[in-house]
Number of protein chains: 2
Amino acid sequence: MDKEQGGQGQHARVLDALGPAITAGDYPPGSVLRTDELEQRYAVSRTVVREVIRVLESMHLVASRRRVGVTVLPAEEWNVYDPRVIRWRLAGPDRPRQLRSLTVLRSAVEPVAAGLAARLATPEQCAELTSHALGMVATSRGRQLAEYLVHDVAFHRVILRASGNEMFARLGDVVAGVLTGRTQHGVMFADPDPAAVTLHVRVAEAVRERDAERAESLTREIVTGAMAELDVLAP
Amino acid sequence: MDKEQGGQGQHARVLDALGPAITAGDYPPGSVLRTDELEQRYAVSRTVVREVIRVLESMHLVASRRRVGVTVLPAEEWNVYDPRVIRWRLAGPDRPRQLRSLTVLRSAVEPVAAGLAARLATPEQCAELTSHALGMVATSRGRQLAEYLVHDVAFHRVILRASGNEMFARLGDVVAGVLTGRTQHGVMFADPDPAAVTLHVRVAEAVRERDAERAESLTREIVTGAMAELDVLAP
DNA sequence: GAGGCTTGAATACGTCGTACATGTTGCGTT
DNA sequence: AACGCAACATGTACGACGTATTCAAGCCTC
């Protein structure tokens, strides 16, 4: 019938409007959304609304029950590991808390991942690691934060992937979100902490030398520093 | 038109058939599912099939592209933290690997969670902890594995929740899955390791006394033991 | 004549609208 | 107060058209 504006896909459009609204808390837990209401508000067919609802339901953001409507679930029920939920929450009002939660998760996971990576990393991965560590060194001075961030994210992604654990590997996006969020949010002007840069280089060394103990404890220093840094910046 | 057999909801029925099939590897990555084919196979309308596809897509199990169909994604793309994906994989053929991955994740997360719990647990949570620890002691002998499992799961759930970190709290189901899987799969006959039982009691003590260091290192012993146990049982 | 580029038709998903079934909720009746 | 009925919102089904992507045939160029 019509093929108006739309980005690419009505489904994505409505989802990217409703999802962030819910995770932002615009609809308090227990709120009821009616299908036909959403139909009108976003000017789409029932099909689209229902599919969006089904996706939100699969993220445990809402629960759909007959005769009552689509009720918003409390935050404790949400699938907080869903990449989209993480993105939405990082873009919303409780971004500080989200950043904290994710950093704590990092502090638990990354040291163990680094220890495993020291035992399992392939030569190629070791090379990538040192390459990115050197890249961090090269971009650590003179306001090259964007370039530094790229290497930082890539470094941690390799560590997580090299751990050989699929659950760890899947946290690459989380770490990327945290690091990006920190760069954007925090000190856009100050250069990165030189001590942190050095630690990354030493982690790369430890992995290359298959020293699991050292890789783990060095990484623990990195994430401890990250948490301390967060304490300074965030309320 | 028809409302035959069905459990409760065609949507859930088809999803519980397709999801496990995909995670089990019945459709190798790159396989193409056509909508009308699924329609016929499960005797449902397009509406239902499309909603199921949308949910599977939100789990990154499949990707739907025009003119080509619904293609199955490689396992690296899957949202392995989705509770349903975890359940499906634990019920499927690569359950051993899944159990391993999740146990490694546990070994990284739980000690840190215990450390935080020691600082943040409410008196009620401390009480629950000791209660379940004592429950484990009481049911640790004489083939009461089912009852023991209940206390074990509850114990770790309280720890994760008391950590005050929502990401940790959400891993309660994961731990439950691992512990249940271990009980079902492994030694259904032998009583639990007495050393592990004692460690749980001591963790409860440490949390009650707000000794974060001790709670963390004791929990580390628990999960290290769990991993060692897994090495004995699994290939 | 061989190769690459453009154009067109076939195809399977995307969206729409309507109709009916089903389970719930809440109210009115007994 | 207990029961049952009617209204309501979601669940499911069916049919139609829009749309993008792919594949192949046909044209042009070298």
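Residue numbering restarts at 1 for every chain, and letters A, B, ... go by the order of the sequence lines.
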(request) Please report, rounded to the nearest Å, how far the C1' atom of dC8(D) is from the CD atom of Glu37(A). (result) 15 Å
(message) What is the distance, to the nearest angstrom, from the CG atom on Leu38(B) to the C1' atom on dA12(C)?
(response) 12 Å
(message) Between Thr47(B) and Ile53(B), which residue's closest nucleotide on DNA chain C lies nearer the 5′ terminus?
(response) Ile53(B)
(request) Could you tell me whether Arg54(A) and Glu51(A) make a salt bridge, using a distance below 4.0 angstrom between a side-chain N and a carboxylate O? (result) no
(message) Using a heavy-atom cut-off of 4.0 Å across all strands, would you classify Thr35(B) as base, sugar-phosphate, or nothing?
(response) sugar-phosphate
(message) I'd like to know whether CZ of Arg65(B) has more than 12 heavy-atom contacts from other residues, nucleotides or ligands below 6.0 angstrom.
(response) no
(message) Can you measure Arg13(A) atom CZ to dT15(C) atom P for me and round it to whole angstrom units?
(response) 10 Å
(request) Please round to the nearest 0.5 Å and tell me the distance separating atom OG of Ser140(B) and atom CG of Leu145(B). (result) 10.0 Å
(request) Report yes if a side-chain nitrogen or oxygen of Ser64(B) is closer than 4.0 Å to either non-bridging phosphate oxygen (OP1 or OP2) of dG14(C); otherwise report no. (result) yes
(request) Take the protein atom CG of Leu56(B) and the nucleotide atom C1' of dC13(C), then report the distance between them rounded to whole Å. (result) 16 Å
(message) Between Arg13(A) (side chain only) and Tyr42(A) (backbone N and O only), is there a donor and an acceptor less than 3.5 Å apart?
(response) yes
(message) Between Glu51(A) and Arg65(A), which residue's closest nucleotide on DNA chain C lies nearer the 5′ terminus?
(response) Glu51(A)
(request) To the nearest Å, give me how far apart CD (Gln10(A)) and P (dG18(D)) are. (result) 15 Å
(message) Just the rounded figure in Å: distance from P of dC16(C) to CG of Asp36(A).
(response) 15 Å
(request) Could you state the atom-to-atom distance from CZ of Arg34(A) to P of dT25(C) in whole Å? (result) 16 Å
(message) What contact category does Arg50(B) fall into here, base, sugar-phosphate, or nothing, at under 4.0 angstrom with non-hydrogen atoms?
(response) base
(request) Examine dT15(C): is either OP1 or OP2 under 4.0 Å from a nitrogen or oxygen in the side chain of Arg46(B)? Give yes or no. (result) no
(message) Output the rounded distance in Å from CZ (Arg66(A)) to C1' (dT10(D)).
(response) 6 Å
(request) Using only side-chain N and O atoms of Ser45(A), determine if any of them is under 4.0 Å from OP1 or OP2 of dT15(C). (result) no
(request) Ignoring hydrogens and angles, state whether a donor on the side chain of Gln98(B) or Arg95(B) is under 3.5 Å from an acceptor on the partner side chain. (result) no
